[in-house]
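Structure first, commentary second.
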Amino acid sequence: MNTSSPTGRRRISILGATGSIGRNTLDIMSHLGGRDLFEVPAITGMGNIELLAEQARQTGAGFAVTADPDRYQDLKAALAGSGIEAGAGPSALIEAGARNTDLLIAGIVGIAGLAPTLAAAASGADIALANKECLVSAGDLFTAAIAAGGGKLLPVDSEHNAIFQVLEEHQRHAVERIILTASGGPFRDCTREQMAAVTPEIAAAHPNWSMGLKISIDSASMFNKALEMIEARHLFGVKPEQIEVIVHPQSIIHSMVGYSDGSVLAQLGAPDMRHAIGYAISHPRRANLPLERLDFARLARLDFFAPDETRFPALALARTAMQRGGLQGAVLNGAKEAALEAFIAGRTGFLDIADIVATVMDRLDDGRQAHGIDDVYAADLEARRTAAELMRKSA
Ligand code: NDP
Ligand code: MG
């Protein structure tokens, strides 16, 4: 268990501080009291060394880490004279996660966030989880690590944060269904022919949320919602058939829980991640946050549509991964990350992403289970290799 801070301030470490989640977190922390209230044992970034160093200086961080081992000297130079310790590469990232902290914000994108978040979980820190890949790829191992460490798991993904807010702990047995809302992304009303030709820039232009590049493109393909279905299964212990997805273009209802008496509880708010981040940081209290208040007369209407699974096959792939179990979540995510990176680099088409994931999942459907975290990394690597081979063959 972590020892308490001698300064009496609350300790919050931030993985992925330079990203969209990280910057929103620092904004909320600064609003809630900044350095008077918070100590920052560790923060991490990757390529944006200038911003990482600036954030480290502003927060008085103890340890600043870039995930890129080749950028160590740059980071050290940027921190010169500050007294802040610099680190680089995968082991420093894990060390950043393991540093004594009360709360860890898991805001690294992709499977790269798993090892340092697991290190934080093992140390007993509470985890504010934005990195959905931890649960998609290593769900049971990750929740077991949290339970063993004794910390709380606080969902930051807006849908799961919404469910967390309206899921009455004493009524868990009466939960009938989890209803995840989805904006439908920029291609909600496009044909498959139109989607076949889109560029990464077009796919990244989310209609409602301002987020990092990869999650924005995942929202356009609805792979983001696919990952969130698997995330919900692990977070809330429901069966795959209890998870529904509904397209709600305004992104005002962030998700809902349906109970056995027919009641549905929803959480609403403006589409701004600082709501969920502020909630996770302040839990179990509610803070006073200077965020937009909903004006229902101006909103006037909220729309809902069933998702079109022909144009968005990612949702069915999530269901298949949950039904197959074992390492299929890690395979789905690894293949998706490889195909997404190829799409961003202009090496594959937008619609190919789902085709590649489906083929890789079928090829690696051998019933293998995750006995330890190394099995997850091996499945991730194999999925990436298989995806790369498929893309090479079709090039
Ligand atoms: P961004 O791309 O904006 O930021 C990612 C962060 O991770 C940056 O600090 C980046 O460093 C760092 N990073 C990138 N690659 C690596 C790597 N290989 N190893 C270690 N660090 C790395 O992402 P988001 O903030 O949008 O998303 C972060 C996570 O939160 C994702 O898992 C996403 O799905 C989830 N999430 C995000 C939401 C959002 O609103 N953005 C909403 C819900 C969930 P640098 O920039 O310095 O290169
Ligand atoms: Mg989400």
Side-chain angles (χ1 to χ4, degrees), residues 14-28 42-56 64-71 74-75 78 87-94 96-97 105-117 127-137 155-164 180-183 185 204 206 208-219 222-232 235 245 248 251 253-255 267 269 271-277 280 333 336-337 340-341 344 380 384:
I14 307 160
L15 302 177
T18 50
S20 165
I21 289 288
R23 283 180 273 118
N24 277 322
T25 299
L26 287 167
D27 181 69
I28 287 289
I43 62 172
T44 80
M46 188 152 122
N48 199 342
I49 301 295
E50 205 178 311
L51 178 60
L52 179 62
E54 186 189 316
Q55 292 174 331
V65 173
T66 165
D68 183 350
D70 296 337
R71 302 299 302 276
D74 296 341
L75 180 59
S91 57
L93 218 54
I94 292 174
I105 311 289
I108 289 176
V109 62
I111 189 80
L114 178 59
T117 309
I127 309 288
L129 188 72
N131 177 284
K132 55 195 84 188
E133 294 85 354
C134 283
L135 286 169
V136 173
S137 299
V156 168
D157 210 346
S158 60
E159 295 76 2
H160 307 76
N161 183 269
I163 293 160
F164 188 75
L180 296 173
T181 53
S183 71
H206 198 281
N208 302 338
W209 296 92
S210 158
M211 307 181 288
L213 177 70
K214 289 183 175 173
I215 184 177
S216 298
I217 300 176
D218 280 349
S219 298
M222 290 194 83
F223 261 106
N224 181 47
K225 210 51 55 183
L227 301 184
E228 290 180 356
M229 291 165 75
I230 305 176
E231 186 183 10
L235 277 172
V245 172
H248 165 44
S251 299
I253 296 183
H254 294 149
S255 276
Q267 187 266 342
D272 181 336
M273 282 308 292
R274 292 176 301 172
H275 282 292
I277 294 168
N333 185 65
K336 191 276 294 173
E337 286 194 24
L340 173 62
E341 279 157 21
I344 292 170
D380 175 75
R384 284 169 192 273

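One is the number of the first residue; the rest follow in order along the sequence. Everything numeric in this text was worked out from a predicted model, so none of it was measured. Ligands are counted one by one from 1 in listed order, and the atoms in each one are counted from 1 as well.
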Check: Ile43 main-chain N/O paired with Gln55 side-chain donor or acceptor under 3.5 Å:
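Pair absent, no side-chain N/O of Gln55 close to backbone of Ile43.
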Do Asp157 side-chain atoms and His160 backbone N/O form a donor-acceptor pair below 3.5 Å?
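No: the side chain of Asp157 does not pair with the backbone of His160.
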Measuring from [atom], which candidate in [options] has the nearest non-hydrogen atom?
| atom | options | value |
| --- | --- | --- |
| atom 29 (C) of ligand 1 | Ile215, Ile108, Val156, Ile277 | Ile108 |
| atom 24 (P) of ligand 1 | Ser20, Gly16, Ala115 | Ser20 |
| atom 2 (O) of ligand 1 | Ser216, Gly212, Ser219 | Gly212 |

Among protein heavy atoms, which sits nearest to [atom], and what does the distance come to when rounded to 0.1 Å?
| atom | answer |
| --- | --- |
| atom 15 (N) of ligand 1 | Met46 SD, 3.6 Å |
| atom 4 (O) of ligand 1 | Gly19 CA, 3.1 Å |
| atom 5 (C) of ligand 1 | Val109 CG1, 3.7 Å |
| atom 48 (O) of ligand 1 | Gly47 N, 2.8 Å |
| atom 42 (C) of ligand 1 | Met273 CE, 3.5 Å |
| atom 43 (C) of ligand 1 | Asp157 OD1, 3.1 Å |

N or O pair under 3.5 Å between [X] and ligand 1:
| X | answer |
| --- | --- |
| Ile21 | yes |
| Leu93 | no |
| Thr18 | yes |
| Asn48 | yes |

Does any part of the side chain of [Y], heavy atoms only, come nearer than 4.5 Å to the side chain of [X], both counted from C-beta?
| X | Y | value |
| --- | --- | --- |
| Val109 | Ile215 | no |
| Lys132 | Asn333 | no |
| Ile108 | Pro116 | yes |
| Ser20 | Met273 | no |
| Arg384 | Ile111 | yes |

Kindly give the atom name of the N, O or S atom of [X] closest to the Mg ion (ligand 2).
| X | value |
| --- | --- |
| Glu159 | OE1 |
| Glu228 | OE2 |
| Asp157 | OD1 |

Which of the atoms of ligand 1 are close to [X], meaning less than 4.0 Å from one of its heavy atoms?
| X | answer |
| --- | --- |
| Glu133 | 32 (O) |
| Ala112 | 17 (C), 18 (N), 19 (N) |
| Ala67 | 19 (N), 20 (C), 21 (N) |

Just checking, any donor-acceptor pair under 3.5 angstrom between side chains of Ser251 and Asn208?
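Per modelled atom types, Ser251 and Asn208 side chains form a pair under 3.5 Å.
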Test item, Lys132 contacting ligand 1 (heavy atom, 4.0 angstrom)
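The answer is yes: ligand 1 sits under 4.0 Å from a heavy atom of Lys132.
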So is Gly107 in contact with ligand 1, going by heavy-atom distances below 4.0 Å?
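In this structure, Gly107 qualifies as a contact of ligand 1 - some heavy atom is under 4.0 Å.
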From Asp68 CG over to Ile49 CD1, what is the distance, rounded to the nearest 0.5 angstrom?
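Output value for this atom pair is 7.0 Å.
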Proximity to ligand 1 by part of Ala130, non-hydrogen separation under 4.0 Å:
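The answer is both.
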Given the side-chain rings of Trp209 and His275, with only the six-membered ring counted for Trp, is the space between their centroids under 6.0 Å?
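No; His275 has its ring centre 6.0 Å or more from that of Trp209.
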Report the residue from Lys225, Met229, Glu231 that forms a side-chain contact (heavy atoms from CB on, under 4.5 Å) with Glu159.
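Among Lys225, Met229, Glu231, the one meeting side-chain contact (heavy atoms from CB on, under 4.5 Å) with Glu159 is Lys225.
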